[in-house]
Amino acid sequence: QMTKFTLNQRSKKIFGNSMLLDIFMGISVALMWGSAFTAAKIIVEEAPPLTISALRFLIAGTMAIAIARSVGQSWSLNSKQWRATAIIGLCQNALYLGLFFVGMQWIEASLATILASMLPLIVTLLDRLFFNKRIKLLGMIRLFLGVCGVTLIMGNHISNDVDIRGVIACVIGVFALAAATLSVRGASLSGNILMIVGLQMLIGGIILVIISFFFEDWVIDWTTTLILALSYTIIVPSLIATWIWFSLIARIGATEASTFHFLNPFFGVAIAALILEETMTFYDYLGVIIISFGILAVQISKQQNHKGTPRT
């Protein structure tokens, strides 16, 4: 039987310290997902948001399943894993990403990334309310620093003429992503991470096909810009980043992993400034420095909790 592909075994040869690997994975995901907002802004100016999102997930899901099968992963999941995968497909792909594509018709890519960075706060709150997870001192410091950094960046970008429709769509999407983030804890333990990624994308794509049928015209003008932006979102944020994200959750937990979403404002604003010529100021740089200290606090706390415990 072909050995299942895992990130942990191969990465140990590159990273001698597990904390460094966790940080590298988290920053990589934040960078890739932060860049996705700029690509999405380009896409929604060229195509109907729900229709193009459905096409994106159907293509990416099919690719992920094909790759997973080629490395020996199985789609024979148990009932708990199927239930969690269905929730992920609905909440993360159809609702979170679908609503963000819709919202970015009316708001800038930089603001969308800032709204997405609310995830750690919501995940921590839901984790406490529904799973009774205690928030320790370093966790409180992390949240405080994260809120300060995000508020600093957000206050520098929000103006009175922001279209509230885009903000509402994105906020609802973030709550949906929080539910998906907590749900993957049961689905990401099987070793079939890439298969689960592909299945949840197909589920989300099918849901968006149905919704877009009633609300949009299936007409797309296939420009070179659209093809390049769509290809990027399929390969980088959809496949690579999502696989690393689920792997990170399996390693350190949903609440700790979600801390890296606090980096989304900086990466999102920086990439939007570079490609879309949106404004980036001193306060954006200051905000990410504050956020980085919050992430370091979480990693130190995690290392203290697991000190003396071998990683598998």
Side-chain angles (χ1 to χ4, degrees), residues 5 7 10-11 14-15 20-44 52-53 56-57 59-61 63-64 67-68 88 92-93 96-98 100-101 104 108-120 123 146 150 153 170 173-174 177-178 180-181 184 188 193-194 196-198 200-201 204 227-252 254 256-276 278 280 284 288 291-292 295:
F5 182 85
L7 182 65
R10 297 188 179 184
S11 60
I14 304 175
F15 297 89
L20 293 179
L21 174 59
D22 296 340
I23 293 175
F24 175 79
M25 292 170 66
I27 292 176
S28 297
V29 170
L31 175 60
M32 288 184 277
W33 278 355
S35 68
F37 292 98
T38 293
K41 182 65 175 180
I42 295 172
I43 290 172
V44 298
I52 202 68
S53 295
R56 166 193 174 185
F57 296 134
I59 295 174
M63 292 174 61
I67 296 172
I88 297 165
Q92 177 171 292
N93 295 87
Y96 167 66
L97 293 172
F100 263 76
F101 264 55
M104 277 191 287
E108 292 184 338
S110 56
L111 178 55
T113 62
I114 295 168
L115 294 173
S117 68
M118 294 168 52
L119 178 71
V123 167
V150 170
I153 298 173
C170 291
V174 173
L177 178 58
T181 299
V184 301
S188 60
I193 294 178
L194 191 57
I196 291 174
V197 168
Q200 54 96 357
M201 285 183 180
I227 293 173
L228 291 175
L230 180 61
S231 299
Y232 177 82
T233 58
I234 289 173
I235 296 172
V236 179
S238 295
L239 291 178
I240 300 176
T242 305
W243 169 61
I244 296 176
W245 170 244
F246 285 0
S247 301
L248 183 62
I249 290 176
R251 288 173 58 86
I252 67 176
E256 289 79 5
S258 67
T259 305
F260 289 97
H261 277 268
F262 276 132
L263 283 173
N264 277 350
F266 173 74
F267 287 133
V269 170
I271 296 171
L274 179 65
I275 297 178
L276 302 178
E278 295 181 4
M280 186 172 185
D284 298 315
V288 79
I291 291 167
S292 298
I295 292 176

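- With rounding to the nearest 0.5 Å, the separation of CG in L31 from CD1 in I271 is 5.0 Å.
- Not a single donor-acceptor pair under 3.5 Å links the side chain of S53 to the backbone N or O of L97.
- Within the structure, side chain to side chain donor-acceptor pair (under 3.5 Å) contacts touching residues 231-241 (residues at least two apart or in different chains) are S35-Y232, R56-S238.
- Under the 3.5 Å distance criterion, the side-chain polar atoms of Q200 are left unmatched by any main-chain donor or acceptor of N93.
- Residues I52 and V44 are not in side-chain contact: their nearest non-hydrogen atoms beyond the backbone lie 4.5 Å or more apart.
- Residues I249 and A257 come closest through the heavy atom pair CG1-CB, 3.9 Å.
- Pairing each heavy atom of A116 with each of V174, the nearest pair is CA-CG2, 3.8 Å.
- What you find for S110 and V269 is that their closest heavy atoms are CB-CG2, 3.7 Å.
- When the options W245, F260, F267 are evaluated for a side-chain contact (heavy atoms from CB on, under 4.5 Å) with W33, the one that passes is W245.
- From I42, atom CD1 reaches atom OG1 of T38 across 6.5 Å, with rounding to the nearest 0.5 Å.
- Here the CG atom belonging to L21 is positioned 9.5 Å from the OG atom belonging to S28, to the nearest 0.5 angstrom.
- Side-chain atoms of F246 and I88, non-hydrogen and from C-beta on, do get closer than 4.5 Å to each other.
- Looking at K41, its side chain does come within 3.5 Å of a backbone N or O of M104 through a donor-acceptor pair.
- If you take OG on S247 and CD1 on I252, they are separated by 11.5 Å, rounding to the nearest 0.5 Å.
- Once rounded to the nearest 0.5 Å, the distance linking CD of Q92 with CG of L177 reads 5.5 Å.
- Counting all heavy atoms, side chain and backbone alike, A64 lies closest to L239 at CB-CD2, 3.5 Å.
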Stepwise ring pair (Phe, Tyr, Trp, His ring centres under 6.0 Å) test for F100 and F37: CA-CA 9 Å; F100 263 76; F37 292 98; 5.6 Å; yes

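- One finds the CE atom of M32 at 4.0 Å from the CD1 atom of I244 (value rounded to the nearest 0.5 Å).
- Between G268 and T113, the shortest heavy-atom distance links the atoms CA-CG2, 3.5 Å.
- For F101, there are no ring-ring contact (aromatic ring centres under 6.0 Å, His included) partners at least two apart in sequence or on another chain.
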